[in-house]
Amino acid sequence: MPSTLPDGDPVPADGALPGSALAGLGARPFAFYVHVPFCVTRCGYCDFNTYTATELGPGASRDSYAETAVAEVRMARRVLGEADLPVETVFVGGGTPTLLSPDDLGRVLDAIDKEFGLAPGAEVTTEANPESVDEEYLARLREVGFTRVSYGMQSAREHVLKVLDRTHTPGRVPQVVEWTRAAGFEHVNLDLIYGTPGETDGDWRASLEAALACEPDHVSAYALIVEDGTRLAAQVRRGELAAPDDDAMADRYLMADEMLSARGLRWYEISNWAKDADAACRHNLLYWTGADWWGVGPGAHSHVGGTRWWNVKHPAAYASRLAEGVTPAHAREILTDEDRTVERIMLELRLADGCPVDLLDDGAVRSLVADGLLEPVDDGRAVLTLRGRLLADAVVRDLT
């Protein structure tokens, strides 16, 4: 089941933000994340805030979800006041957003546009499972304003997909990518997972080859994490499946970087490779560079001007609060200047552009350069080497 929400300070019933958050509003880029908390089945490795039909219970439904999300968009406008906030990116995640109809997703996007205005050339992404879309769906999705689709491919090997409880077949991914291109989408991402129990180097190589054969302009590759409370964690604990091996994970990452780079996809964040700057996920870049965003949906997190908050988790509780005209926020925290600096280092260091060295301790930087974990500094920014990417968490600890 989904993990628990963190504790925090109470949020006013009307969702009002402190003056410190509203100061400078509009000077920073602004985005929306929309969480769709529905799935047909729960994958064994997943601890995201998602619900199958049997888990959902009364008080919430897919049919009414779009209007509930629209109500939060309207609340966001009231809370943020009259500031000019053109929305640069919208990212719809889940769950499986494409369990909602394109028209429902379009209604939420239209509300964002009406209340705030989409910036010219705004990036509008939805995640999708390969089995959840067809030609007609994708054509309509493009018509309602989406510009980018991110597919959960995960693997091209059936036995690996089975361990992950994924329901699509490997041959489905090339088909849906072809349909996506035909519908007029320029930007397509494929998500891959490496380190699944039972996956071999050959399996991972085959998955990378299959992904590249689809000619996406963006690939994300993530190491499998065994999250507490998931079915996968229980299987590992009982000895039914082997725990992921750190050395194998490192080898798989190196293989991914080598193969993706050879095909013209360059890393711009530790787990993300893109054909060029236009293909990079602008929404995630806003997260990594300290922008403002409003998270719509149960369990969604938001950040505005150093204030972070998170919504109640269950869709029924979320819908009930909005129906009563009160904020769905569960709790919040106001980050100190020190918190914000540490987070900036943690996030920007993951990027190929790196982090300004004036935020860092000179001695630590020199030591990490000598150890081959940071590139020699010649432009005022600290950038991870390939080896540094493998040990990024340790590098961040040394620098913070």
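One is the number of the first residue; the rest follow in order along the sequence. Predicted, not measured: the structure shown is a model, and the values here were computed from it.
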So does [Y] get a backbone contact from the side chain of [X], meaning a donor-acceptor N/O pair under 3.5 Å?
X: H187; Y: T147; value: no
X: H314; Y: L56; value: yes
X: S320; Y: A316; value: no
X: H303; Y: G306; value: yes
X: E324; Y: V326; value: no
X: E88; Y: F30; value: no

Give a yes or no on this: more than 12 heavy atoms of other residues, nucleotides or ligands lie within 6.0 Å of atom [atom1] of [X].
X: D9; atom1: CG; value: yes
X: E240; atom1: CD; value: yes
X: E136; atom1: CD; value: no
X: Q175; atom1: CD; value: yes
X: D337; atom1: CG; value: no
X: M346; atom1: CE; value: no

Apply side-chain contact (heavy atoms from CB on, under 4.5 Å) to [X] and list each qualifying residue two or more places apart in sequence or on a separate chain.
X: D371; result: S367, L373
X: S132; result: T96, T98, A128, N129
X: L390; result: A250, Y253, L254
X: R266; result: S261

Once rounded to the nearest 0.5 Å, what's the spacing between atom [atom1] of [X] and atom [atom2] of [Y]?
X: R140; Y: L105; atom1: CZ; atom2: CG; value: 11.0 Å
X: H330; Y: R321; atom1: NE2; atom2: CZ; value: 8.0 Å
X: D246; Y: D251; atom1: CG; atom2: CG; value: 11.0 Å
X: E343; Y: E338; atom1: CD; atom2: CD; value: 11.5 Å
X: E227; Y: Y45; atom1: CD; atom2: OH; value: 11.5 Å
X: T196; Y: R157; atom1: OG1; atom2: CZ; value: 13.0 Å

Cluster overlap [X] with [Y], hydrophobic side-chain contacts below 4.5 Å:
X: L386; Y: L374; result: yes
X: W179; Y: V173; result: yes
X: F91; Y: L118; result: no
X: V395; Y: L351; result: no
X: I112; Y: V79; result: yes

Under a 3.5 Å cutoff, is there a donor and acceptor pairing between the side chains of [X] and [Y]?
X: E72; Y: W294; result: yes
X: Y151; Y: E127; result: no
X: T167; Y: E131; result: yes

Quick one, [X] and [Y] - any side-chain contact, counting heavy atoms below 4.5 Å?
X: V396; Y: L349; answer: yes
X: P170; Y: L161; answer: yes
X: D165; Y: T41; answer: no
X: V124; Y: R148; answer: no
X: R28; Y: D292; answer: yes
X: S155; Y: I193; answer: no
X: K275; Y: P216; answer: no
X: N189; Y: D217; answer: no

Inset, instruction - Just do the side-chain contact (heavy atoms from CB on, under 4.5 Å) check on L265 and L212 with the steps written out, would you? - result: CA-CA 10 Å; L265 295 169; L212 287 166; 3.8 Å; yes
Inset, instruction - Would you list the pairs meeting ring-ring contact (aromatic ring centres under 6.0 Å, His included) in which at least one residue belongs to residues 207-227, sequence neighbours left out? - result: H218-Y268
Nearest heavy-atom neighbours spanning [X] and [Y]:
X: W267; Y: A352; value: CH2-CA, 3.4 Å
X: L360; Y: C355; value: CD2-SG, 4.4 Å
X: A364; Y: D398; value: CB-O, 3.9 Å
X: A69; Y: V108; value: CB-CG2, 4.1 Å
X: A156; Y: S207; value: N-OG, 2.9 Å
X: W310; Y: G8; value: CZ2-CA, 4.1 Å

Under-4.0 Å salt bridge between [X] and [Y]:
X: E258; Y: R263; value: no
X: K114; Y: D110; value: yes
X: E348; Y: R381; value: yes

Legend entry - Audit row: H301, W309, side-chain contact (heavy atoms from CB on, under 4.5 Å) steps and yes/no: CA-CA 6 Å; H301 285 56; W309 68 97; over 6 Å; no
Inset, instruction - Could you label the plane-to-plane angle of the F38 and Y65 rings as parallel, tilted or perpendicular, counting under 30° as parallel and over 60° as perpendicular? - result: perpendicular
Inset, instruction - Go through the steps for R74 and E115 under the test side-chain contact (heavy atoms from CB on, under 4.5 Å), then give the verdict. - result: CA-CA 7 Å; R74 292 171 179 156; E115 295 293 340; 3.5 Å; yes
Inset, instruction - Applying side-chain contact (heavy atoms from CB on, under 4.5 Å), run through T180 and V133 and close with a yes or a no. - result: CA-CA 9 Å; T180 307; V133 297; 5.8 Å; no
Inset, instruction - Applying ring pair (Phe, Tyr, Trp, His ring centres under 6.0 Å) between W293 and each of F32, Y33, Y287, report the one that passes. - result: Y287
Legend entry - Contacts of T89 that satisfy side chain to side chain donor-acceptor pair (under 3.5 Å) - sequence neighbours left out: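 For T89, the residues satisfying side chain to side chain donor-acceptor pair (under 3.5 Å) (neighbours in sequence not counted) are H283.
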Legend entry - Option passing side chain to side chain contact (heavy atoms under 4.5 Å, CB included) with F146 (candidates L109, T125, V90):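 That would be L109; it is the only one of L109, T125, V90 passing the side chain to side chain contact (heavy atoms under 4.5 Å, CB included) with F146.
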